[in-house]
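Here the structure is laid out as C-alpha cells; the discussion comes afterwards.
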Amino acid sequence: MPELPEVETVCRGLRPALKGRILAKVQTRRANLRVPFPHDFAKRLTGRRVGKITRRAKYILAEVEGGETLIVHLGMSGRFTIHGAGAPSKPGRFTHKVASDGSGDGTHDHVVFETDEGTRIVYTDHRRFGLMLLVPTEELESHKLFAELGPEPLGKAFTAKSLSASLKGKKTPIKSALLDQTVVAGLGNIYVCEALYRARISPKRNAASVAGERSTKLVPVIKDVLSEAIAAGGSSLRDYAQADGELGYFQHTFTVYDREGEPCLTPGCAHKIKRLVQAGRSTFYCPNCQR
DNA sequence: CTTGGGTCCTGTGCGC
DNA sequence: TGCGCACAGGACCCAA
C-alpha cells in the first residue's frame, strides 16, 4: 500500500541494509516494469557504493557512487524484502512468503540486489506499475518526474497559504485535487479520504471553495494523518520485518477508507460511511460529518 | 490551459 | 466448484 507513509517506512527499512554498502550483484529478471529498465541498468549499479537514501513524494531515491541516483517507485504493488545478513531480523528466521531461492514470492521478483555483506534485497511487484531509473544526481530536480511535483506535505513549504493558492480557481472536487501530485506530492487515495474525513470536508466540494478558511483546517490534518501513519509504520516495521523481512506493509485501521456501510466513528454520529467514485477512484466519506 | 477517461498488469473476492 | 466481472494503494497519455 505504497502512499507516502509506506514509502517513507520502506526507505527507513532499506537504509540499514543498503546505505554505505557496495552492490556486489544486481539482477533484473525481466526487461521492464512500467517502463524499461535503463540501458545497462544492472551493470551500471554493480560494484558501486550506495550513499544517501531519501524520499521525494512517493519516490525512493538512492544515491550511488559515481554521481548517479537510483529512482524507485513502488506503483500499486511494489515491495521490498530483505534477506540474509543485513536483514532486520536474525538470519534464518524467514519462514513466510519466501520462495525456495530465498526471494520474495518467487514468481514476481523482478529485481534482486545483493550487497557486499551478502544481504539480498528483493523487489517484488506483481502488477508491475513500479519503476526503476538511474539518472545523474545533478539532473534529479529538473527531471520530468520531479519538475512539476508540488510541495512535500510534511515540509515547511506546505501551508494553508500555499495550498489555497494552488486550489484557487480549480473546478475539480477537492478529493481529486489532493490526488494531483502537482498540488501536494505524496498523498494517495487512502490518506486523502482519511484527511478529508478528519477535516470534516466533503470530498465532493469544489477545490476552489477549500482555499482560505478550510485550508487552514485541512493542512494540519494532512500533516497529522501522514505523521501518525509513519509512526505506526515505523513501530510495526520492527515486528513485521522480524517475521519475514518485508518492509513497510502492515494492517492499518482506517477511519473511513474501505468502510462502506459501516458506522461513522465520530461520537454521536453513526451514519453509514458512503462510497462514491471520483475520477475513477473510490472515495469513502461520512455524508453527515463532511460538508 | 484544465479536466476526465482509458490504460498499463495481475490477483482477489464476490455474485450467480 | 467454476466463471465472469468489478475492483485494487499510481500515474502517464491523450482527447475534448
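All chains are named by letter (A, B, ...) in the order of the sequence lines, taking the proteins before the strands, and each is independently numbered beginning at 1.
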- Query: F129(A) stacking on dA11(C): centroids under 5.5 Å, ring planes under 30°?
  - Reply: no

- Note on the structure: When rounded to whole Å, the NZ to P distance for the pair K175(A) and dT3(B) reads 16 Å

- Message: Restricting to non-hydrogen atoms, name the atom on F37(A) and the atom on R30(A) that form the minimum distance, rounded to 0.1 Å.
- Response: CE1-O, 3.3 Å

- Query: Relative to each other, are the rings of Y59(A) and H73(A) parallel, tilted or perpendicular (30° and 60° limits)?
  - Reply: perpendicular

- Between dA11(C), dC12(C), dT10(B), which nucleotide has the shortest distance from any of its atoms to the side chain of R128(A)? dT10(B)

- Query: Is the closest side-chain heavy-atom distance between L74(A) and Y123(A) below 4.5 Å?
  - Reply: yes

- Message: Centroid separation under 6.0 Å, is that true for the rings of Y257(A) and Y191(A)?
- Response: no

- For D125(A) and dC8(B), what is the distance between atoms CG and C1' respectively, to the nearest whole Å? 12 Å

- Whole-Å distance between dA8(C) P and F254(A) CZ? 14 Å

- Taking all non-hydrogen atoms of both residues into account, name the closest pair between T46(A) and A24(A) and its distance. CG2-O, 3.5 Å

- Atom CG of L33(A) to atom C1' of dG10(C): distance rounded to whole Å? 14 Å

- What is the minimum heavy-atom distance between V64(A) and R48(A), and which atoms define it? CG2-NH2, 3.6 Å

- Task: Could you state the atom-to-atom distance from CG of D258(A) to P of dC14(B) in whole Å?
- Result: 11 Å

- Please check the phosphate of dC7(C) (OP1 and OP2 only) for any side-chain N or O of R275(A) closer than 4.0 Å. yes

- Item | Spacing of the P atoms in dG5(B) and dC7(C) (rounded, Å) | 14 Å

- Item | Given DNA chain C, 5'-ward residue of the pair G75(A) and V277(A), judged by closest heavy atom | V277(A)

- Message: With a 4.0 Å cutoff (strictly under), does any side-chain N or O of S282(A) reach OP1 or OP2 of dA8(C)?
- Response: yes

- Message: Quick check for you: among dC12(C), dT3(B), dA11(C), whose closest atom lies nearest to any side-chain atom of T172(A)?
- Response: dT3(B)

- Message: I need the CG-P distance between L131(A) and dC9(B), as an integer number of Å.
- Response: 15 Å

- Is the distance from OP1 or OP2 of dT10(B) to the nearest side-chain N or O of H108(A) less than 4.0 Å? no

- Message: If you compare every side-chain N and O of Q181(A) against the phosphate oxygens of dA11(C) (OP1, OP2), does one of them come in below 4.0 Å?
- Response: yes

- Counting heavy atoms from C-beta on, name the nucleotide in dC13(C), dA8(C), dG10(C) closest to the side chain of H73(A). dG10(C)

- Query: Can you check the D180(A) CG to dC1(B) P distance for me, whole Å?
  - Reply: 15 Å

- Query: Within less than 4.0 Å of OP1 or OP2 of dT2(B), is there a side-chain N or O belonging to K170(A)?
  - Reply: no

- Task: Mind checking G280(A) for me? I need base, sugar-phosphate or nothing, with any heavy atom below 4.0 Å counting as a touch.
- Result: nothing

- Looking only at side-chain N and O atoms, does R127(A) come under 4.0 Å of OP1 or OP2 in dG11(B)? no

- Message: Under 4.0 Å from OP1 or OP2 of dG10(C): is there any side-chain N or O of R34(A) that close?
- Response: no

- Task: Measure the distance from CG on L133(A) to P on dA11(C) and round it to the nearest whole Å.
- Result: 14 Å

- Message: Only pairs with both distances under 3.5 Å count, Watson-Crick or wobble alike; so what is the partner of dC9(B) in this structure?
- Response: none

